[in-house]
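Notes for the one structure printed next.
The chains referred to below are lettered A, B, ... by the order of the sequence lines, with proteins before strands, and numbering in each begins at 1.
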There are 2 protein chains.
Amino acid sequence: MPLVTRDREATGERILAAAGELFAEHGYDQVTVRMIASAAGANVALVNRYFGSKANLFATVLITASTVTAAIEGDLARLPARLAEHVAHRLRTGASEPLVRMLDRAGTSPEIRAVLTARVETGLVDAISARLPGPQARERALLATVIILGAGSLRRLLGPDGLHDADPAVLQARLETAFRACLAPAAD
Amino acid sequence: MPLVTRDREATGERILAAAGELFAEHGYDQVTVRMIASAAGANVALVNRYFGSKANLFATVLITASTVTAAIEGDLARLPARLAEHVAHRLRTGASEPLVRMLDRAGTSPEIRAVLTARVETGLVDAISARLPGPQARERALLATVIILGAGSLRRLLGPDGLHDADPAVLQARLETAFRACLAPAAD
DNA sequence: CACCAGAGTAAACAAGCGTATACTTGAAAA
DNA sequence: TTTTCAAGTATACGCTTGTTTACTCTGGTG
């Protein structure tokens with residue numbers, strides 16, 4: 001039995017998986033192809049060989065990276081509740097929401113920004129907006145997106161201990177109210 | 001009249017000012033000391049000579065960099081309105097809120113994160129929290145901070161044209177409702 | 001005028017990055 | 001067994017980064 005399996009597809013998968021975790025955890029800029037290769041147990045050169053470039057690998061990773069999607073779909077009446085739960089859970093546990101994490105950790109390379117922007121537009125704003133009946137759907141979706149993104153920023157900023165003295169239940173309840181305020185068909 | 005004034009203090013000021021603008025615009029990681037020096041019309045070596053290190057320069061910049069402060073202070077009843085106006089204005093025009101910009105553009109260097117965390121804690125969360133009477137003040141302040149940060153992320157992500165089809169008045173009105181939901185003494 | 005502390009400069013340093021190249025190895029085909 | 005070709009490897013290239021060192025220049029002072 002060979003120490004390393006000579007299997008291009010499997011190796012590619014390992015690289016993709018490792019890249020996904022690392023990008024979500026540390027952001028595009030802070031992750032090096034050497035880190036990815038090391039985590040995947042593959043050689044540095046294979047990353048570029050199989051995915052062309054680091055940026056291209058990032059784009060590939062991004063295609064299949066989101067967990068909010070589940071919260072957006074489902075019963076419309078409970079949409080604010082589900083979003084609140086999702087965000088509160090993320091604030092509390094730091095659970096991985098790869099898309100959001102990559103977003104506010106990404107650098108400012110135009111190439112990377114473009115793929116991220118497209119992803120937020122379709123994966124968050126458009127996805128939420130499409131679910132909302134009534135006028136001002138886009139505005140309402142944008143504000144919900146603001147909260148989703150903001151929670152990511154705050155959590156990343158304050159870290160695991162930054163929220164320890166805040167009551168999770170309170171946060172979630174108030175988040176739901178806030179989401180409701182953003183998403184309601186009529187303002188006020 | 002000499003082409004360059006040999007004035008340590010003035011040069012230091014120019015470097016500080018240039019660093020402030022560049023950090024706010026492009027984030028810590030994307031700004032190089034050479035960019036700062038060039039923008040300030042100074043030599044590369046002076047940046048490190050006068051401020052010790054890039055990280056230290058960043059910390060120095062951060063001390064005097066915030067414009068939300070004004071919105072936080074003043075009549076408590078109108079606090080949600082002022083915050084909503086501030087955030088809406090920022091969404092619409094991309095107006096500079098240096099602290100927020102640097103936040104979600106900063107890299108993940110522990111050193112940089114620490115100084116940013118401290119700044120958000122004192123400049124946003126604590127500042128807002130201190131103004132709120134009643135229970136759950138910290139939770140309420142945290143959620144308001146979420147919106148403030150999230151708006152920065154969204155604006156940066158979508159760019160100047162990303163919001164062109166959203167009605168600014170609608171955004172502001174809904175933001176105010178959302179802030180009210182977050183900040184209200186009692187949930188629901 | 002001569003001097004000199006110190007502002008400003010040029011150049012190089014070591015380290016790290018993404019990427020490319022030339023090589024080695026192993027397993028399947030002949 | 002021998003051949004062969006792609007998977008995997010080792011290594012180095014070219015570049016950029018933050019930082020430091022040794023130097024030049026200048027304006028105020030005696």
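As judged by a 4.0 angstrom heavy-atom cut-off over every strand, Val44(B) is placed among the base-contacting residues.
Side-chain nitrogen and oxygen atoms of Ser53(B) include none within less than 4.0 Å of the OP1 or OP2 phosphate oxygen of dG18(D). At the phosphate of dG8(D), neither OP1 nor OP2 sits under 4.0 Å from any side-chain N or O atom of Asn43(A). At dA7(D), none of the side-chain N or O atoms of Tyr50(A) fall inside 4.0 Å of OP1 or OP2 (strictly under the cut-off).
Side-chain atoms of Gln172(B) and Arg92(B) include no donor-acceptor pair closer than 3.5 Å.
When distances are taken from the side chain of Thr32(B) to each of dT19(C), dG18(D), dG8(C), the shortest belongs to dG18(D). The side chain of Ala45(A) lies closest to dA10(D), out of dG8(C), dA10(D), dT20(D).
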| request: Check the pair Glu21(B), Arg14(B) against salt bridge (charged side-chain N to carboxylate O under 4.0 Å, His left out), reporting the backbone distance first and the verdict last. | output: CA-CA 11 Å; Glu21(B) 287 183 25; Arg14(B) 288 207 315 279; over 6 Å; no

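Judged by distance alone, with hydrogens and angles left aside, Arg8(B) brings no side-chain donor or acceptor close enough to the base of dG8(C) to form a pair under 3.5 Å. No N or O donor and acceptor, one from the side chain of Arg34(B) and one from the base of dT16(D), sit under 3.5 Å apart. No hydrogens or angles were tested; on distance alone, a donor-acceptor pair under 3.5 Å links the side chain of Arg49(A) to the base of dT9(D).
The pair Glu73(B)-Arg78(B) does not count as a salt bridge, with every side-chain nitrogen at least 4.0 angstrom from each carboxylate oxygen.
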